[in-house]
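In what follows, a single structure is set out as structure tokens and then discussed.
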Amino acid sequence: MTRKQRRLTMIGGSLAVLAVAAALVLNAMRDSIVFFSTPSMAAEKQIPAGKRFRLGGLVQPGSLVRGDNLVVDFKVADGSAVLPVAYKGILPDLFREGQGVIAEGAIDASGVFRADTVLAKHDETYMPKDVADALKKQGHWKDDYGAKPSASAAPTQGAPK
């Protein structure tokens, strides 16, 4: 084998090892990625029990039930579909009925979404982009979700008392 052939063999072998390493890393990352879905998307895709994903939507008014040992049951809706959610833990301070929520977990065999993480919107103008897009698509988008407070609502300085 000539020097040039050995060099090409080494380069080819190195590229093959790098390709195998990249394939292994990408395969491992594919299993850890968690996708976002609304209740209607979850119903359309027929997500199998045990597969982790993020569920986003609005907490349905009147659906919040608090149980013993920090167990909370509520329903997440997106306008056309509703998915029951069970969570055990402390809810965020801003969690309320009628507000946007993102829950991470999996659907169990009975069709209940078992959440291990619940995130609530953090102020009056925040809405996750995916949730806002899904609400726009469903026709439940309010024009004032992203509106800033108007100047007329601000107190005037130097006004007579």
Side-chain angles (χ1 to χ4, degrees), residues 16-155:
V17 168
L18 284 173
V20 168
L24 289 174
V25 168
L26 291 174
N27 189 35
M29 285 178 58
R30 182 182 61 180
D31 293 339
S32 66
I33 294 173
V34 181
F35 294 103
F36 169 84
S37 295
T38 62
S40 59
M41 289 168 61
E44 286 173 14
K45 294 179 186 176
Q46 297 179 352
I47 297 174
K51 181 170 171 79
R52 290 186 57 80
F53 67 99
R54 285 189 178 135
L55 175 68
L58 299 174
V59 178
Q60 194 171 37
S63 68
L64 183 63
V65 178
R66 295 181 187 269
D68 295 334
N69 297 327
L70 301 175
V71 174
V72 181
D73 294 319
F74 57 94
K75 293 180 181 176
V76 174
D78 65 354
S80 62
V82 177
L83 189 62
V85 177
Y87 175 68
K88 183 175 181 178
I90 299 173
L91 290 171
D93 290 339
L94 296 175
F95 180 89
R96 293 186 261 298
E97 293 178 348
Q99 297 275 332
V101 68
I102 301 285
E104 187 174 328
I107 295 177
D108 65 7
S110 64
V112 176
F113 186 82
R114 299 284 174 187
D116 51 37
T117 304
V118 173
L119 305 170
K121 73 184 222 180
H122 63 80
D123 69 11
E124 71 278 356
T125 60
Y126 173 76
M127 173 127 353
K129 182 180 182 333
D130 294 334
V131 173
D133 291 344
L135 288 173
K136 284 179 186 177
K137 185 177 178 183
Q138 295 293 326
H140 294 283
W141 178 257
K142 295 179 187 173
D143 288 332
D144 62 346
Y145 277 142
K148 304 261 188 225
S150 64
S152 63

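Please read all numbers here as calculations on a predicted model, not as lab measurements. Basis for what follows: all heavy atoms, side chains included, without hydrogens, waters or symmetry-related copies.
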Could you check whether any side-chain heavy atom of [X] comes within less than 4.5 Å of a side-chain heavy atom of [Y], counting everything from C-beta outward?
X: V76; Y: L58; answer: no
X: F95; Y: V101; answer: yes
X: I90; Y: L70; answer: yes
X: K45; Y: S37; answer: yes

Please report the shortest heavy-atom distance between [X] and [Y], naming the atom on each side.
X: V118; Y: L91; value: CG1-CD2, 4.0 Å
X: P39; Y: G56; value: CD-O, 3.4 Å
X: V85; Y: A115; value: CG1-CB, 4.0 Å
X: S63; Y: E97; value: N-OE2, 3.5 Å

#### Entry: Pair K75-L64, side-chain contact (heavy atoms from CB on, under 4.5 Å): steps then yes or no
CA-CA 7 Å; K75 293 180 181 176; L64 183 63; over 6 Å; no

### Message
Test your reading of the model: is there a side-chain donor-acceptor pair from D78 to the backbone of S80, 3.5 Å cut-off?
### Response
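At least one qualifying donor-acceptor pair exists.
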
### Query
Does D108 use its side chain to pair, donor to acceptor, with the backbone of S110 at less than 3.5 Å?
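Yes, the answer is positive, given that a donor and an acceptor are paired below the 3.5 Å cut-off.
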
### Message
Between D116 and R52, does any NZ, NE, NH1 or NH2 come within less than 4.0 Å of an OD or OE carboxylate oxygen?
### Response
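Here R52 pairs with D116 in a salt bridge, since their nearest N and O are under 4.0 Å apart.
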
### Task
Answer with yes or no after comparing the ring centroid distance for F113 and F53 against a 6.0 Å cut-off, counting only values under it.
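Yes: the rings meet the under 6.0 Å criterion.
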
### Query
Can you check side-chain contact (heavy atoms from CB on, under 4.5 Å) on L55 and L83, steps first, answer last?
CA-CA 9 Å; L55 175 68; L83 189 62; 3.6 Å; yes

### Intermediate values then yes/no, side-chain contact (heavy atoms from CB on, under 4.5 Å), V72 and K88
CA-CA 6 Å; V72 181; K88 183 175 181 178; over 6 Å; no

### Message
For L18, I'd like to know if atom CG has over 12 heavy atoms of other residues, nucleotides or ligands within 6.0 Å.
### Response
yes

